[in-house]
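Right, one structure below, let's go through it.
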Amino acid sequence: MKLGDINLRNNFFMSPVKTGYGDSEGNITERHLAFWDKRSKHVAAVIFEPFFIDKKVRELATQIGIDDDNKIEGHKKLVEVVHQNGAKAVAHINHPGRMANPKLPNNIYLSASDIECPNGGQKPKALSIEEIKLVQQQYVDAAIRAEKSGYDFIELQFGLGYLIAQFISPNSNKRNDEYGGNLENRLRFGLEILQGIKSSVHLPIIVRLSGDEKYEGGLTINETIEIAKILEQEKIAALHITSGDACMSPPWYYQHHFIPKGKTWELAKKIKEKVTLPIITVGQINEPEDIEEILSNNAANFIAIGRALIADPDFVGKYLKQVEGRIRPCSSCLTGCLGRIKIGKGLQCEINPLVGRELEEITPALEKKNYAVVGGGLAGMQAALALKQRGHKVTLFEKDKLGGQFNFAPLPSQKNSLQKQIDYFVNEIKDKKIEVINKEATADDLIGKFDGVIIATGSKPFIPPIEGLKEYHWAEILYEFNLPKNKNVLIIGGGLIGVEIANTLVDYGNNITIIEALDDIARDMEMVTRKLNLMKLKKANVQIFTNSIVSKIDGSKVYFTQTNGTDKEHILENIDVFVIAAGMRPNKELIEQLENKIPYYVVGDADKIGDAVSAIQSGYFIAKEL
């Protein structure tokens, strides 16, 4: 393959993903080097995370910067890592404009006009002509540093609601000077940056562009095609077509699993049919079948893969048959890759415990032992696989079905992609010939028969002591044979489980009420998923009572009290179905039986209630040390 004058070994790029592995100054760290080293062994090129061009406009406190010459040496190391693996290096240069992180001290907020993001953020300052020239020079200076660092390409962000897109989109640009009004004027800011870089460096330039911004009043595919034709005249190296807007349409921006797979590829194909430029497409490309569909439909010349390479650094190598083994699947859940960054822990992954800790791979055990793992959920299966990888003998006890309580995870509406995670672990257990015993392990099964035990018994639903509570459901209500239809359903508990149950039950004509003891619902959900779920609840007229405690149930009548200072008792009548989703408690029964009798190690929810990310990590890292 060839892009511009540069030869590429195949047509796969790694798309830009934020890592959050930097320091407060924006320097490149060893974590960066290790992360991209793993992911550059089979792709043609790596497009790195957005590099900030001014420390006062960062998206993350730990984002990589290219704002100063003193960072060039660090960038040289990053380029060298991917070059050693045979991949090309792409510097992704971006300015977030009004999307700069409002939580970072000293950040400034700039845009085409003083229109703040309706989804949150600070009101920006409309750039003056003088300030426009200053920002444009910052882009050019960053490009010069990229060339000095040894990068092979530059990618300019013209899409996804960032600064250049804020000038292009009529929704965010209300200027009446030469940078506002018709498309030619709105595009001027970005074109002048592009032309300034072309006259200052000799690197081929890729432009990233939203094929459709996916909100009313945003850019549509027809306008994007016109922009693509103009960019073609500028002789850029390629167009990288994505979709959405970080501010106005976050689910499309993040390619959340609620978004239909393939829609972004269709946008790329429509643009490809209108220009001769090489087209790169992206978006939920996480299975070999996705690649085949894109290529067979001639939707793009190049394929950019992001989260699938987070989940499995060898995804492309396995697709190309250069690496053996099953692909560790990405389910587009955002729990680790977005959720962990949002809380300041850096990029992680729900299914891959080594993301961000690439230097902590398993080594063979010096002394081979015989271990039991009790509990076949995600934590238990990962622990069993890690023990086997170290060379130990492993027996896995599971009283029911491998997958444990995570078997409920794919049941809510639009979450069936999570089944891939269960299937992956179950098939790996089978392939690695780990013995599985289908019974509830007791102390007699373990003591004297094993050198140690990993306890992965998970958790149990907490059932509040409500007077009159007799018949009720938990997450098992989501099995098809249990689903109520056209009933009045009360869900006690408004956390992740309760909200996901509600969002599924409304699809079957049920009238839902949620009672939650805390002051808000869905507090433990990843941000984008939470917003989508709450929108659906609102549309379905789900009745929600927060700061409320159920005191008594009398047949179909429910008594509850609001604890926000009024202590007023309320009554709900004609409730047909009760669902309890009031939280989970660690299952520690086996721990008490094994105390002081055999070495044991507790992982997953049996140790501390958490999510799939923390469960899999705990299983892996404890087993890694045994």
- Query: Between Y479 and F408, what is the ring plane arrangement, given parallel below 30°, perpendicular above 60°, and tilted in between?
  - Reply: tilted
- Spell out, as yes or no, whether a donor-acceptor pair under 3.5 Å connects the side chain of T457 to the backbone of N587. yes
- Message: For Y424, is there any backbone N or O sitting under 3.5 Å from a side-chain donor or acceptor partner on N427?
- Response: no
- Would you please indicate if the ring centroids of F51 and H75 are separated by under 6.0 Å? yes
- Message: Counting only heavy atoms not in K588 (residues, nucleotides, ligands), do more than 12 fall under 6.0 Å from its NZ?
- Response: yes
- Should we count OH of Y600 as having more than 12 external heavy atoms under 6.0 Å? yes
- Query: Which is it for Q255 and T264 under the side-chain hydrogen bond (donor to acceptor under 3.5 Å, both in side chains) test, yes or no, and what are the steps along the way?
  - Reply: CA-CA 9 Å; Q255 288 294 302; T264 304; 3.2 Å; yes
- Item | Basic-acidic side-chain contact under 4.0 Å: K261, E289 | no
- Candidate pair K388 and E428, rule salt bridge (charged side-chain N to carboxylate O under 4.0 Å, His left out), full reasoning: CA-CA 11 Å; K388 184 75 172 182; E428 285 290 290; over 6 Å; no
- Cystine candidate C337-C349, SG separation under 2.5 Å: no
- Query: Any chance the side chains of Y21 and E30 put a donor and an acceptor closer than 3.5 Å?
  - Reply: no
- Task: For residues S15 and H240, report the shortest heavy-atom separation together with the two atoms involved.
- Result: CB-CE1, 4.5 Å
- Query: Do side-chain atoms of S618 reach the backbone of G604 as a donor and acceptor pair under 3.5 angstrom?
  - Reply: yes
- Whether over 12 other heavy atoms sit under 6.0 Å from K430 NZ: no
- Message: Taking the six-membered ring of F35 as reference, does the cationic atom of R31 (NZ for Lys, CZ for Arg) lie under 6.0 Å from its centre and within 45° of its axis?
- Response: no
- Query: With a cut-off of 6.0 Å (strictly less than), are more than 12 heavy atoms of other residues, nucleotides or ligands near CE of M527?
  - Reply: yes
Pair up each side-chain donor or acceptor in residues 368-375 with any protein partner under 3.5 Å, not counting sequence neighbours, and list the distances.
from, atom 1, to, atom 2, distance (Å)
K368, NZ, A365, O, 2.8
N370, ND2, K449, O, 3.4

- Query: With T395, which of I434, I437, V436 fulfils side chain to side chain contact (heavy atoms under 4.5 Å, CB included)?
  - Reply: I437
- Task: Tell me, yes or no, whether the heavy-atom count around L366 atom CG, taken from other residues, nucleotides or ligands under 6.0 Å, exceeds 12.
- Result: no
- Count the heavy atoms belonging to other residues, nucleotides or ligands that lie under 6.0 Å from NZ of K321, then report whether that count exceeds 12. no
- Query: Of the non-hydrogen atoms in V57 and N107, which two are nearest, and what is the gap between them?
  - Reply: N-OD1, 3.5 Å
- Query: Above 12 or not: heavy atoms from other molecules or residues under 6.0 Å from NZ of K77?
  - Reply: no
- Task: Could you tell me whether E589 and K460 have a side-chain N and a carboxylate O separated by less than 4.0 Å?
- Result: yes
- Contact summary for W474 and I580, nearest pair of heavy atoms: CD1-O, 3.1 Å
- H256-F258 aromatic ring centre distance below 6.0 Å: yes
- Has Y508 got more than 12 heavy atoms of other residues, nucleotides or ligands less than 6.0 Å from its OH? no
- Distance-only, no hydrogens or angles: does the D605 side chain make a donor-acceptor pair with backbone N or O of R585 under 3.5 Å? no
- Looking only at heavy atoms, the pair that brings N27 and D23 closest together is N-OD1, 2.9 Å
- Task: Search all heavy atoms of S331 against all heavy atoms of L418 and return the closest pair with its distance.
- Result: OG-CD2, 3.2 Å
- Any donor-acceptor pair under 3.5 Å linking the side chain of N286 with the backbone of A308? no
- Report the relative orientation of the aromatic rings in Y319 and F12; use parallel for angles under 30°, tilted for 30 to 60°, perpendicular for over 60°. perpendicular
